[in-house]
Amino acid sequence: MSVAVREAPIVKPDAPAAVNDFAINVATANGSGSQTSNGVLLRALFKMGIPINGKNLFPSNIQGLPTWYIIRLSKDGFLARREVTDIQVCMNGRTVAEDMERAAPGGIVIYDDSLPIANKRSDVTYYGMPVKDLVKEAKLPHALRDYVANMVYVGVLAELLGIEPDEIEAALLHHFEGKEKAAGLNMEMVNRAIDWASVHVGHHDGYRIERMTGFNEGKILVDGNTAGALGALAGGLSLASWYPITPSSSLAESVEKYAAALRTDPDTGKSTVAVIQAEDELAAIGMVVGAGWTGARAMTCTSGPGISLMSEFAGLAYFAEVPAVIWDIQRMGPSTGLPTRTSQGDIHAAYYLGHGDTRHVVLFPANPAECFEFGRVAFDLAEELQTLVFVLSDLDLGMNAHISEPFAYSDAPFKRGKVLSAEDLEVRQGSWGRYMDVDGDGVAYRTLPGTKHNMAAYFTRGTGHNEYGYYSERPDDWEQNLERLKRKFETARQLVPGPVLEEVEGAQVGIISLGSNHDGVDEARARLAATGLSTNYLRLRALPIEESVRSFIEENETIFVVEANSDGQLHAILTTEEPAHALKLNSMAKCDGLPLSARYIVEQIQEALEEELI
């Protein structure tokens with residue numbers, strides 16, 4: 001491999017400092033009410049116009065274990081996870097020593113003053129907050145004290161950094177859905193903390209927050225699971241069956257929440273969407289396949305362990321050719337793994353799920369707007385191709401709030417695919433076969449239950465069958481059916497969403513990635529460009545790959561396949577589909593439960609290119 005590039009200097013570590021350009025890490029205990037305080041901080045900063053991103057690192061228990069919430073502010077709009085912590089908030093005695101050490105040189109540590117300082121560093125500024133005293137002075141109901149206590153660090157950060165109190169109050173009202181009493185109780189604690197900090201802390205010259213424009217205008221703050229639920233409802237969802245599992249549960253809960261407002265019969269006032277919590281994952285996918293067979297738009301949502309349990313029904317949907325949709329909000333495996341950490345470890349499983357010769361359509365949203373878009377696109381593809389479609393999101397995209405473009409609702413008719421009516425059957429005069437390839441694209445025609453024609457019925461089976469749906473063990477029938485399914489998969493290449501391409505004239509190094517890795521790749525490319533290394537970028541949005549992906553691979557001299565798993569699963573699929581170019585495809589796979597950072601991507605590419613130049 002020969003790549004002409006300038007000598008690639010190592011990018012310096014993230015420098016501390018400045019206005020609207022640093023990271024805050026809040027360390028608390030799970031179940032202590034910090035989700036409210038952290039969400040309020042994030043929303044207040046967003047409303048001040050600052051590009052922000054929040055990453056919630058929480059344990060898989062209900063209450064008590066350590067949790068961290070990382071807020072990144074970037075005036076330049078880079079929203080990937082930042083590895084350096086500039087301001088560390090310490091509210092958890094179990095992790096306080098480790099947390100304090102996270103602060104970068106020149107950084108700030110804000111801590112509950114009842115916690116000890118194990119190693120007081122000279123390169124960090126410390127501010128102890130009298131949390132217990134402020135809570136006691138507020139004379140709060142005893143049951144609420146531990147929850148409202150977190151508002152102390154909100155107030156101290158507001159005074160220290162310059163977060164506008166009016167935006168904090170507005171964020172509280174938003175969180176409590178306009179309930180002024182609850183919002184007021186929390187805002188009182190914020191104000192007490194601001195008053196205390198104005199005397200004992202003051203402003204900090206190194207880190208400041210100032211209202212800005214040019215990025216957040218016209219945008220929304222939303223998580224991917226909510227966006228996917230809204231997209232499914234807009235896409236004609238009729239049935240959502242699910243079994244609780246982190247991190248997908250909130251998607252189903254959002255379907256139930258918004259269906260009541262958005263999908264009701266105008267005459268009866270009843271919901272037109274059935275949401276069923278099944279007894280397990282097998283029942284959930286079984287309901288989806290059954291509903292899809294009747295012509296309903298049906299989906300389930302799960303994560304890796306649920307996908308494993310759904311394998312047999314997935315194969316049935318593929319071979320019996322029944323439209324169905326599965327949202328897989330990926331988390332860390334193997335086995336139970338780390339249920340509350342992010343991963344892209346189900347790519348291979350989703351693409352090939354089933355027994356034997358099976359391949360599925362898989363969609364990869366990268367942001368909430370695409371989660372919304374793919375909520376409908378998945379149903380359209382499932383019906384056009386009469387098959388199971390996966391939407392692979394992940395915990396970071398699904399459960400964390402992201403800045404997003406507003407959702408674009410389409411009033412175009414749904415794409416129902418090749419469905420025969422009674423009139424169509426009459427015209428065909430008995431020439432119809434359920435699995436007959438009439439058009440040469442591998443997609444047969446189907447009828448729906450209740451079609452009033454004596455030729456409408458057929459037998460749906462997961463066993464061997466011929467083009468009329470009759471049971472068959474004949475080798476020629478079996479091979480013909482599989483060959484038709486292969487043709488259908490080739491048709492899918494023309495229907496799935498194409499990739500997003502960003503190309504630079506003269507660049508010879510390419511990056512292929514997918515999903516929520518985009519923020520890290522976007523920033524990494526900017527950093528690499530600053531060193532003189534231009535890159536081309538293809539963000540894959542679906543499998544199977546289509547022609548532009550093949551062209552991208554052919555046109556670049558070396559390509560890095562960036563993904564958040566340990567096996568390089570996308571890399572393996574690409575090398576299988578493009579074996580002639582396997583040597584130019586370099587796997588860059590990392591799986592530590594955290595969203596990929598720009599620093600990691602930059603350092604890995606630089607190291608690989610330096611080794612090649614040597």
Side-chain angles (χ1 to χ4, degrees), residues 14-27 34 36-56 68-91 102-104 106-111 124-127 129 150-175 186-187 189-217 219-221 400-403 519 523:
D14 306 86
V19 175
N20 298 346
D21 195 12
F22 50 88
I24 305 169
N25 187 335
V26 180
S34 59
T36 299
S37 51
N38 295 330
V40 164
L41 279 173
L42 194 73
R43 186 168 188 83
L45 294 171
F46 171 71
K47 287 298 185 178
M48 288 180 67
I50 302 161
I52 44 87
N53 191 279
K55 308 292 186 187
N56 191 17
W68 296 269
Y69 193 77
I70 303 168
I71 300 176
R72 182 188 180 175
L73 299 81
S74 171
K75 59 183 176 55
D76 299 315
F78 293 126
L79 301 178
R81 180 179 66 88
R82 194 166 183 261
E83 293 188 17
V84 170
T85 296
D86 301 299
I87 300 174
Q88 179 67 54
V89 178
C90 300
M91 298 287 286
R102 297 178 191 273
I108 299 172
V109 171
I110 301 171
Y111 64 101
V124 171
T125 303
Y126 295 84
Y127 297 109
M129 304 176 293
N150 287 311
M151 290 297 157
V152 172
Y153 70 74
V154 175
V156 172
L157 286 172
E159 179 64 20
L160 178 74
L161 302 175
I163 306 172
E164 297 173 8
D166 288 348
E167 292 295 0
I168 293 176
E169 186 171 18
L172 281 167
L173 284 167
H174 179 271
H175 175 81
N186 284 270
M187 192 64 201
M189 184 54 66
V190 172
N191 286 329
R192 285 179 180 274
I194 289 174
D195 292 341
W196 175 86
S198 67
V199 175
H200 297 91
V201 176
H203 301 311
H204 193 283
D205 294 334
Y207 302 97
R208 292 295 297 159
I209 292 171
E210 296 178 1
R211 182 176 286 274
M212 62 176 281
T213 59
F215 191 89
N216 290 355
E217 288 83 359
K219 296 179 181 176
I220 59 176
L221 192 63
N400 288 322
H402 299 261
I403 296 175
D519 288 339
E523 183 176 0

Main-chain N/O of [Y] paired to [X] side chain as donor or acceptor, under 3.5 Å:
{"X": "N20", "Y": "L73", "answer": "no"}
{"X": "D21", "Y": "K75", "answer": "no"}
{"X": "E217", "Y": "F215", "answer": "yes"}
{"X": "D86", "Y": "F22", "answer": "no"}

Could you tell me the separation between the [atom1] atom of [X] and the [atom2] atom of [Y], rounded to the nearest 0.5 Å?
{"X": "N186", "Y": "L173", "atom1": "CG", "atom2": "CG", "answer": "10.5 Å"}
{"X": "L42", "Y": "I52", "atom1": "CG", "atom2": "CD1", "answer": "3.5 Å"}
{"X": "I220", "Y": "I403", "atom1": "CD1", "atom2": "CD1", "answer": "11.0 Å"}
{"X": "N25", "Y": "R72", "atom1": "CG", "atom2": "CZ", "answer": "14.0 Å"}
{"X": "M91", "Y": "N150", "atom1": "CE", "atom2": "CG", "answer": "4.5 Å"}
{"X": "L221", "Y": "N53", "atom1": "CG", "atom2": "CG", "answer": "9.0 Å"}

Residues forming a side-chain hydrogen bond (donor to acceptor under 3.5 Å, both in side chains) with T85, sequence neighbours excluded: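 T85: no side-chain hydrogen bond (donor to acceptor under 3.5 Å, both in side chains) contacts found.
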
The criterion is side-chain hydrogen bond (donor to acceptor under 3.5 Å, both in side chains); which residues satisfy it with T36, sequence neighbours excluded?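 Expected list: H175.
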
Is any side-chain heavy atom of [X] less than 4.5 Å from a side-chain heavy atom of [Y]?
{"X": "Y127", "Y": "Y111", "answer": "no"}
{"X": "I110", "Y": "C90", "answer": "no"}
{"X": "R82", "Y": "S74", "answer": "no"}
{"X": "W196", "Y": "V201", "answer": "yes"}
{"X": "F78", "Y": "D519", "answer": "no"}

Could you tell me which residues satisfy salt bridge (Lys or Arg N to Asp or Glu O under 4.0 Å) with R81, sequence neighbours excluded, listed by chain and number?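 By the salt bridge (Lys or Arg N to Asp or Glu O under 4.0 Å) rule, R81 matches no residue at all.
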
Give the table of side-chain donor-acceptor pairs shorter than 3.5 Å for residues 152-164, with sequence neighbours excluded, one pair per line with atom names and distance.
from : atom 1 : to   : atom 2 : distance (Å)
Y153 : OH     : S37  : OG     : 2.7
Y153 : OH     : N38  : OD1    : 2.7
E164 : OE1    : R211 : NH2    : 2.6
E164 : OE2    : R211 : NE     : 3.1

What pair of heavy atoms forms the shortest contact from [X] to [Y], and how long is it?
{"X": "A171", "Y": "A44", "result": "CB-N, 4.2 Å"}
{"X": "P51", "Y": "G77", "result": "CB-CA, 3.8 Å"}
{"X": "M212", "Y": "G49", "result": "CG-O, 3.2 Å"}

Using the side chain to side chain contact (heavy atoms under 4.5 Å, CB included) rule, take V26 and W68 through it: C-alpha gap first, then chi angles, then the decisive distance, then the call. CA-CA 5 Å; V26 180; W68 296 269; over 6 Å; no

Provide the full list of salt bridge (charged side-chain N to carboxylate O under 4.0 Å, His left out) pairs with a residue in residues 41-55, sequence neighbours left out, each pair given once.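 Residue pairs with at least one partner in residues 41-55: K55-D396.
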
Could you walk me through whether I70 and I24 satisfy the side chain to side chain contact (heavy atoms under 4.5 Å, CB included) test, starting with their C-alpha distance in whole Å, then the side-chain angles of each, then the deciding distance to 0.1 Å, before giving a yes or no? CA-CA 6 Å; I70 303 168; I24 305 169; over 6 Å; no

Taking only residues two or more places apart in sequence or in another chain, which ones pass ring pair (Phe, Tyr, Trp, His ring centres under 6.0 Å) with H174?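 Here no residue qualifies.
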
